[in-house]
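Scroll down for the structure; my scribbles are underneath it.
Computation of the quantities below employed the complete heavy-atom set of this structure, encompassing side-chain atoms and omitting hydrogens, waters and symmetry-equivalent molecules. Each chain gets a letter, A, B and so on, in the order its sequence line appears, and its residues count up from 1. This one's a predicted model, so the numbers in the text were calculated from it and none came from an experiment.
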There are 2 protein chains.
Amino acid sequence: MSDLLERLRERGWRMTAQRRVVAEVLDGEHVHLTADEVHARAAGRLPEISRATVYNTLGEMVSLGEVVEVTTDRRAKRYDPNAHRPHQHLVCARCGTIRDVHTSGDPLSQLPADERFGFTVSDVEVTYRGLCPDCAAGA
Amino acid sequence: MSDLLERLRERGWRMTAQRRVVAEVLDGEHVHLTADEVHARAAGRLPEISRATVYNTLGEMVSLGEVVEVTTDRRAKRYDPNAHRPHQHLVCARCGTIRDVHTSGDPLSQLPADERFGFTVSDVEVTYRGLCPDCAAGA
DNA sequence: GCTTGACTTGGACACTGTCCATTGTACGAT
DNA sequence: ATCGTACAATGGACAGTGTCCAAGTCAAGC
Ligand SMILES: [Mn+2]
Ligand SMILES: [Mn+2]
Ligand SMILES: [Zn+2]
Ligand SMILES: [Zn+2]
C-alpha cells in the first residue's frame, strides 16, 4: 500500500480498483508521468480502466494537494507525487529527462517589492533547461 | 513602422501584408497575446488573413529571436515581442493579467553545482503567481 | 443482501497547433 | 514595365490533450 493511497483513504475516498492502480502507478521518487502514460501503465494492471477515470482521479489528487501538476513543455501536463516537499525541475531540452532540484534560496524572495505591482504573490514556478550529460556528449 | 518589422526586413524577409499586420499587432510593451488573439486582431486590419499564416509568421519570428514564446498557463502559448531584455512574468491566478518583472539576481545562479546532475544548464524560466490588486480586493 | 449515491465508462466535443496541396505574390532579372 | 520563380498564403484535414455527459456499475453502510 502506497503512502499516497493511505492518505487518500484517510480523506474518505471510496476505494476502487481504478483509484488503487492510479495511486500505485504514481508511487515512487522522481515520477513525472503524463496522464496518458499513467493510463497506459494503469491499463497494464487493470485493462479496462478508462482515460476519463484516469483524468478524473489525477484531478482529484491534485485538488487534495497529494499530487502536483508540472508543466515542463507545451505538450501534456505531468503528475508529480512529490507534493510535500517544494522543489523545482531541471529538464533536458533534447531528451526530455526531468530531475527534481532544489535552489539555494527561496525563489519568491528574488522578486523585489517594487516589482510586485501590488500583487499578492503566493507562488513561483522555476524550470531550468539545458542538456543532460548523455545528450551533451552527443549520445 | 514598428521596430520589429524593421529588424525583420533587415534579415531579408519578403515583406507581405500579412507579416506587416502580425508585426503591427505585436508592437508595444507588455504584450503577451495568444496566436488566436493575434489572428483576431490581425483580421481586423486584413480580414482574410489565415490562422495558418499567423502561426507560421509567429513561429518564424520566434526562430529569428525577435519574439519569445511564453507559457504561463496550460492553454495557449503567448507571444512576447519583448525579446531583447530577459525578464520573468507575474501572473494573476484569477484574471490572467500578465506583468513583466525583473528578479534581483540571475535565477540561473540559484541552482547550485551539486544540484545540476552534470547538466549543461543554459536557461531558466520563472513564473510568479498571485492575485492582482483588483482580484485581491474582490473586484 | 439491499439501497443509494458516488464512481466509471466510452464517446462526443473543444481547443490548440501542425501539415499539406494548391493558389497567389514579392522581388530580382530582363 | 513585365516576367519568372522561389517563397508565402490559404483553408481544410488531421493530431494531441483534455473536458463533458448520459448511462451503467459498484463500494460501503444499513
Ligand atoms: Mn518533481
Ligand atoms: Mn513578457
Ligand atoms: Zn538528454
Ligand atoms: Zn487579477
Self-check item: Residue pairs fulfilling ring pair (Phe, Tyr, Trp, His ring centres under 6.0 Å) with at least one residue in residues 7-36 of chain B, sequence neighbours excluded
Solution: B:His32-B:His89
Practice problem: Check side-chain hydrogen bond (donor to acceptor under 3.5 Å, both in side chains) between A:Thr97 and all other residues, then give those that pass, not counting sequence neighbours. | Solution: none
Self-check item: Nucleotides bounding contact with chain B, strand DNA chain C, heavy-atom threshold 4.0 Å
Solution: C:dT16 to C:dC27
Which donor-acceptor pairs under 3.5 Å do side chains of residues 106-113 of chain A form with protein atoms, sequence neighbours excluded?
| from | atom 1 | to | atom 2 | distance (Å) |
| --- | --- | --- | --- | --- |
| A:Asp106 | OD1 | A:Leu108 | N | 3.0 |
| A:Ser109 | OG | A:Asp106 | O | 2.7 |

Practice problem: Tell me whether the OP1 or OP2 atom of D:dT17 has a side-chain N or O from B:Arg74 closer than 4.0 Å. | Solution: no
Just the table, please: protein N/O against nucleotides 26-30 of chain D N/O, every pair under 3.5 Å.
| from | atom 1 | to | atom 2 | distance (Å) |
| --- | --- | --- | --- | --- |
| D:dA27 | O3' | A:Met15 | O | 3.3 |
| D:dA28 | OP1 | A:Met15 | N | 2.9 |

Exercise. Not counting sequence neighbours, list each pair that qualifies as a side-chain hydrogen bond (donor to acceptor under 3.5 Å, both in side chains) and has a residue in residues 58-68 of chain B.
Key: B:Arg7-B:Glu66, B:Arg11-B:Glu66, B:Arg19-B:Glu60, B:Glu66-B:His84
Quiz item: Taking only residues two or more places apart in sequence or in another chain, which ones pass side-chain hydrogen bond (donor to acceptor under 3.5 Å, both in side chains) with B:Arg41?
Solution: none
Quiz item: Any side-chain N or O of B:Gln18 less than 4.0 Å from the OP1 or OP2 oxygen of D:dT10?
Solution: yes
Quiz item: Taking DNA chain C as the partner, which of residues 39-73 of chain A come within under 4.0 angstrom of it by heavy atom?
Solution: A:Glu48, A:Ile49, A:Ser50, A:Ala52, A:Thr53, A:Asn56
Exercise. Using the side-chain hydrogen bond (donor to acceptor under 3.5 Å, both in side chains) rule, collect all pairs that involve residues 112-125 of chain B, keeping only residues at least two apart or in two chains.
Key: A:Arg129-B:Glu125
Quiz item: Of A:Leu58, A:Asn56, A:Val67, which is the lone residue that meets side-chain contact (heavy atoms from CB on, under 4.5 Å) with A:Val22?
Solution: A:Leu58
Self-check item: Qualifying residues under side chain to side chain contact (heavy atoms under 4.5 Å, CB included), relative to A:Arg75, sequence neighbours excluded
Solution: A:Asp73
Quiz prompt | Test side-chain hydrogen bond (donor to acceptor under 3.5 Å, both in side chains) applied to A:Glu69 - qualifying residues, sequence neighbours left out | solution = none
Exercise. Linking directly or through intermediates, with side-chain heavy atoms under 4.5 Å: list the remaining ILVMFWY members grouped with B:Val70, chain and number order.
Key: B:Val68
